[in-house]
Peer 1: 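First the structure, then my questions, so here it is.
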Amino acid sequence: MPVFDHPDFDHHQQVIHGCDAASGLRAIIAIHDTTRGPALGGLRIYPYASEADALTDVLRLSRGMTYKSALADLPLGGGKTVIIADPRRDKTPELLRAMGRLIDSLGGRYITAEDSGSGEADMRVIAEVTPHVGGLGRDGSSGAPSPWTALGVFHAMQSAVYHGLGRAESEDQFAGLRVALQGVGHVGTHLARRLHDAGARLVLADVERDAVTRLTGELEAEIVAPEAIVDAEVDVFAPCAMGAALTPEVVRRLKARVVCGAANNQLAHAEVAGQLQARGILYTPDYVANAGGVIEIAWQRRDDARPAKVAAHIARIGTILDEIFARAAQEGRSPAPVADDMARERFEAG
Ligand code: NAD
């Protein structure tokens with residue numbers, strides 16, 4: 001499996017293949033960059049069709065974490081781990097401990113956390129064999145990052161709504177604002193509640209019918225079919241489900257003037273950013289908007305962590321986006337490449 005010639009290889013500092021015959025572990029850890037600090041990034045457990053697919057995913061995701069941490073002002077670099085396995089069938093304590101030993105062998109250069117296929121309970125098992133784990137929670141509180149991610153997306157939306165719709169931040173900034181949420185899972189549910197409390201009118205869609213029906217009464221929301229959410233007559237479209245939600249076709253159909261959501265890798269490919277810009281739709285770079293969870297995990301590593309301090313740090317997502325949107329407008333570019341440039345300026349400078 002060639003690494004140096006891989007199209008997604010981006011001068012990653014280290015790519016480690018790990019195997020444990022007894023537990024069936026087959027994992028890849030990619031450390032993209034540690035200039036700003038140890039590489040933090042989640043553990044994804046997924047039944048990849050091939051080792052090549054797993055390698056592509058871990059190279060892309062680890063690089064994304066470097067950018068995310070740099071723009072979130074964290075003293076961290078970017079890394080990621082993938083385990084080639086079905087989390088429902090293959091995830092055993094033995095497999096997780098074997099994973100933990102591999103992480104431990106890196107001596108703290110890489111810190112793991114939750115991602116698709118892994119949760120807080122799994123982090124506790126890994127923590128039996130290595131201290132290099134985040135997302136555990138403290139003092140009886142949950143380590144789940146999604147409420148913090150939703151808080152960050154809310155701040156991101158405040159900035160995007162100002163720059164994209166001219167509605168300045170105030171108590172009634174979201175009053176009557178129409179927002180479509182694609183996906184009301186962990187993050188989408190918290191975000192929907194925040195938006196409802198701020199006076200927004202919600203349109204919701206989820207492939208899991210139960211997920212939306214549970215919320216409609218509480219949030220007085222309109223429900224539409226998953227395939228119709230991109231056509232909703234709204235001001236803001238919030239992708240909170242899977243990656244690659246923004247394809248050229250979706251961009252043609254969107255009625256919203258602002259896109260701001262939690263999903264990772266929203267752009268199906270880089271050119272979609274230009275298509276959004278050409279249609280006058282303000283795109284909020286996903287890894288900036290959804291950094292709330294990683295900010296909270298980073299704070300868990302500090303002795304002086306307090307919810308108010310974490311919340312204040314997450315609020316700075318809005319400030320960095322103000323800078324990104326202003327620079328994008330000044331340079332006549334999409335906010336997506338502007339965010340990438342600003343992140344590189346930070347981690348390349350150290
Ligand atoms: P989740 O799995 O809890 O929720 C996703 C929801 O989207 C589910 O309810 C699912 O049924 C729904 N969905 C899937 N496909 C859909 C479709 N085509 N149309 C409508 N709904 C669909 O995941 P989550 O933790 O809420 O994360 C949501 C997104 O945000 C993911 O892309 C994730 O990578 C990203 N993200 C999450 C966090 C976090 O803290 N959880 C942090 C950063 C980024």
Peer 1: Donor-acceptor pair, distance only, cut-off 3.5 Å: does the side chain of Asp57 make one with the backbone of Asp53?
Peer 2: no

Peer 1: Determine, stepwise, if the pair Lys91 / Val125 fulfils side chain to side chain contact (heavy atoms under 4.5 Å, CB included).
Peer 2: CA-CA 11 Å; Lys91 195 167 64 178; Val125 178; over 6 Å; no

Peer 1: Output yes when Glu120 and Arg124 qualify as a salt bridge under the 4.0 Å nitrogen-oxygen rule, no when they do not.
Peer 2: yes

Peer 1: Answer yes or no: is there a donor N or O on one side and an acceptor on the other, between the side chain of Asp8 and the main chain of Leu59, under 3.5 Å?
Peer 2: no

Peer 1: Quick check: closest heavy atoms across Phe325 and Thr284, and the distance to 0.1 Å?
Peer 2: CZ-OG1, 3.7 Å

Peer 1: Assess whether atom OH of Tyr162 is packed by more than 12 heavy atoms of other residues, nucleotides or ligands within 6.0 Å.
Peer 2: no

Peer 1: Looking at side-chain heavy atoms only, is the closest gap between Gln275 and Leu246 below 4.5 Å?
Peer 2: no

Peer 1: Rounded to the nearest 0.5 Å, what separation is found between the CE atom of Met99 and the OG1 atom of Thr81?
Peer 2: 4.5 Å

Peer 1: Would you check if there is a donor-acceptor pair between the side chains of Tyr67 and Asp33 at a distance under 3.5 Å?
Peer 2: no

Peer 1: How close do Gly134 and Ile297 get, heavy atom to heavy atom, and via which atoms?
Peer 2: CA-CG2, 3.9 Å

Peer 1: Do Asn265 and Leu61 have side chains that get closer than 4.5 Å, going by heavy atoms?
Peer 2: yes

Peer 1: State whether the side chain of Arg279 and the backbone N or O of Arg252 hold a donor-acceptor pair below 3.5 Å, judged by distance alone.
Peer 2: yes

Peer 1: With the side chain counted from C-beta on, respond yes when Ile295 and Leu74 share a heavy-atom pair under 4.5 Å apart, and no when they do not.
Peer 2: yes

Peer 1: Is the backbone N or O of Ala175 less than 3.5 Å from a side-chain atom of Arg167, with the two atoms forming a donor-acceptor pair by type?
Peer 2: yes

Peer 1: Kindly give the heavy-atom pair with the smallest separation between Ala263 and Met242, and that separation in Å.
Peer 2: CB-O, 3.6 Å

Peer 1: On a heavy-atom basis, which atom in Ala168 and which in Gln173 lie closest, and how many Å separate them?
Peer 2: O-CG, 3.3 Å

Peer 1: Is there a donor-acceptor pair closer than 3.5 Å between any side-chain N or O of Lys80 and the backbone N or O of Arg44?
Peer 2: no

Peer 1: Tell me if a side-chain donor or acceptor on Thr149 pairs with a main-chain N or O of Gly292 at a distance below 3.5 Å.
Peer 2: no

Peer 1: Please tell me whether Val161 and Val179 are part of a single hydrophobic cluster in this structure, the criterion being side-chain heavy atoms less than 4.5 Å apart.
Peer 2: yes

Peer 1: Quick one about Ser159 and Asp322 (side-chain donor to acceptor, distance below 3.5 Å, no hydrogens or angles considered), yes or no?
Peer 2: yes

Peer 1: Are Glu233 and Arg178 within salt-bridge range, i.e. N to O under 4.0 Å?
Peer 2: no

Peer 1: Do Asp104 and Pro131 have side chains that get closer than 4.5 Å, going by heavy atoms?
Peer 2: yes

Peer 1: Are side-chain N/O atoms of Asp10 and His32 paired as donor and acceptor at under 3.5 Å?
Peer 2: yes

Peer 1: Given Ile320 and Met342, is the side chain to side chain contact (heavy atoms under 4.5 Å, CB included) satisfied, shown in steps?
Peer 2: CA-CA 10 Å; Ile320 187 73; Met342 283 173 56; 3.8 Å; yes

Peer 1: Can you check whether Gln14's main-chain N or O pairs, donor with acceptor, with Arg109's side chain at less than 3.5 Å?
Peer 2: no

Peer 1: Just by distance, do the side chain of Thr189 and the backbone of His186 share a donor-acceptor pair under 3.5 Å?
Peer 2: no

Peer 1: Output all residues satisfying side chain to side chain donor-acceptor pair (under 3.5 Å) with Thr112, sequence neighbours left out; order by chain, then residue number.
Peer 2: Tyr110

Peer 1: Any donor and acceptor pair, going by atom type alone, linking the side chain of Gln158 with main-chain N or O of Gly318 inside 3.5 Å?
Peer 2: no

Peer 1: Around atom CZ of Arg97, are there more than 12 heavy atoms of other residues, nucleotides or ligands at under 6.0 Å?
Peer 2: yes

Peer 1: I want to check something: taking the side chain as every heavy atom from C-beta on, are Ile31 and Ser62 in contact at a cut-off of under 4.5 Å?
Peer 2: no

Peer 1: Is there a path of hydrophobic side-chain contacts, each under 4.5 Å between heavy atoms of I/L/V/M/F/W/Y residues, joining Ile314 to Met65?
Peer 2: yes

Peer 1: If I take atom CD from residue Glu169 and atom CZ from residue Phe174, how far apart are they, to the nearest 0.5 angstrom?
Peer 2: 8.0 Å

Peer 1: Is Asp73 salt-bridged to Arg346, cutoff N-O under 4.0 Å?
Peer 2: yes

Peer 1: Taking Arg344 first and then Asp341, would you say they form a salt bridge - that is, a charged N and a carboxylate O separated by under 4.0 Å?
Peer 2: yes

Peer 1: Compare every heavy atom of Ile83 with every heavy atom of Ala27, then report the nearest pair and how far apart it is.
Peer 2: CB-CG1, 4.1 Å

Peer 1: At what distance, to the nearest 0.5 angstrom, does CE of Met157 lie from CD1 of Ile317?
Peer 2: 12.5 Å

Peer 1: Report the C-alpha separation of His163 and Leu321 in whole Å, then their side-chain angles, then the decisive distance to 0.1 Å, and conclude whether the side chain to side chain contact (heavy atoms under 4.5 Å, CB included) test is met.
Peer 2: CA-CA 9 Å; His163 290 270; Leu321 279 167; over 6 Å; no

Peer 1: Taking the side chain as every heavy atom from C-beta outward, state whether Asp122 and Leu43 have any pair of such atoms under 4.5 Å apart.
Peer 2: no

Peer 1: Tell me whether Leu191 is reachable from Val259 by hopping between hydrophobic residues (I, L, V, M, F, W, Y) whose side-chain heavy atoms are closer than 4.5 Å.
Peer 2: no

Peer 1: Verify the cluster assignment for Tyr46 and Ile84: are they in a single hydrophobic cluster under the rule of side-chain heavy atoms below 4.5 Å apart?
Peer 2: yes

Peer 1: Quick one: does Gln277's side chain have a donor or acceptor within less than 3.5 Å of a partner on Gly332's backbone?
Peer 2: yes

Peer 1: So do Leu195 and Leu181 actually touch side chain to side chain, heavy atoms under 4.5 Å?
Peer 2: yes

Peer 1: Minimum heavy-atom separation for Ile126 and Gly100, please, with both atom names.
Peer 2: CG2-CA, 3.7 Å

Peer 1: My understanding is that only residues two or more places apart in sequence, or in another chain, count here; which of them pass ring pair (Phe, Tyr, Trp, His ring centres under 6.0 Å) with Phe9?
Peer 2: Phe4, His12

Peer 1: Does Arg193 pair with Glu218 as a salt bridge, N-O distance under 4.0 Å?
Peer 2: yes

Peer 1: Which distance, rounded to the nearest 0.5 Å, do you find between the CE of Met123 and the CG of Asp115?
Peer 2: 8.5 Å

Peer 1: Mind running side chain to side chain contact (heavy atoms under 4.5 Å, CB included) on Val15 and Leu55 for me, showing each step along the way?
Peer 2: CA-CA 9 Å; Val15 179; Leu55 180 65; 4.1 Å; yes

Peer 1: Could you tell me the separation between the NE2 atom of His155 and the CZ atom of Arg194, rounded to the nearest 0.5 Å?
Peer 2: 7.0 Å

Peer 1: CG of Leu76 to CG of Leu40: how many Å apart, nearest 0.5 Å?
Peer 2: 5.5 Å

Peer 1: Is it true that Leu177 and Phe154 fall in one hydrophobic cluster, defined by side-chain heavy atoms closer than 4.5 Å?
Peer 2: yes

Peer 1: Is there a side-chain contact between Arg209 and Ile223 in this structure, where contact means two heavy atoms from C-beta onward sitting under 4.5 Å apart?
Peer 2: yes

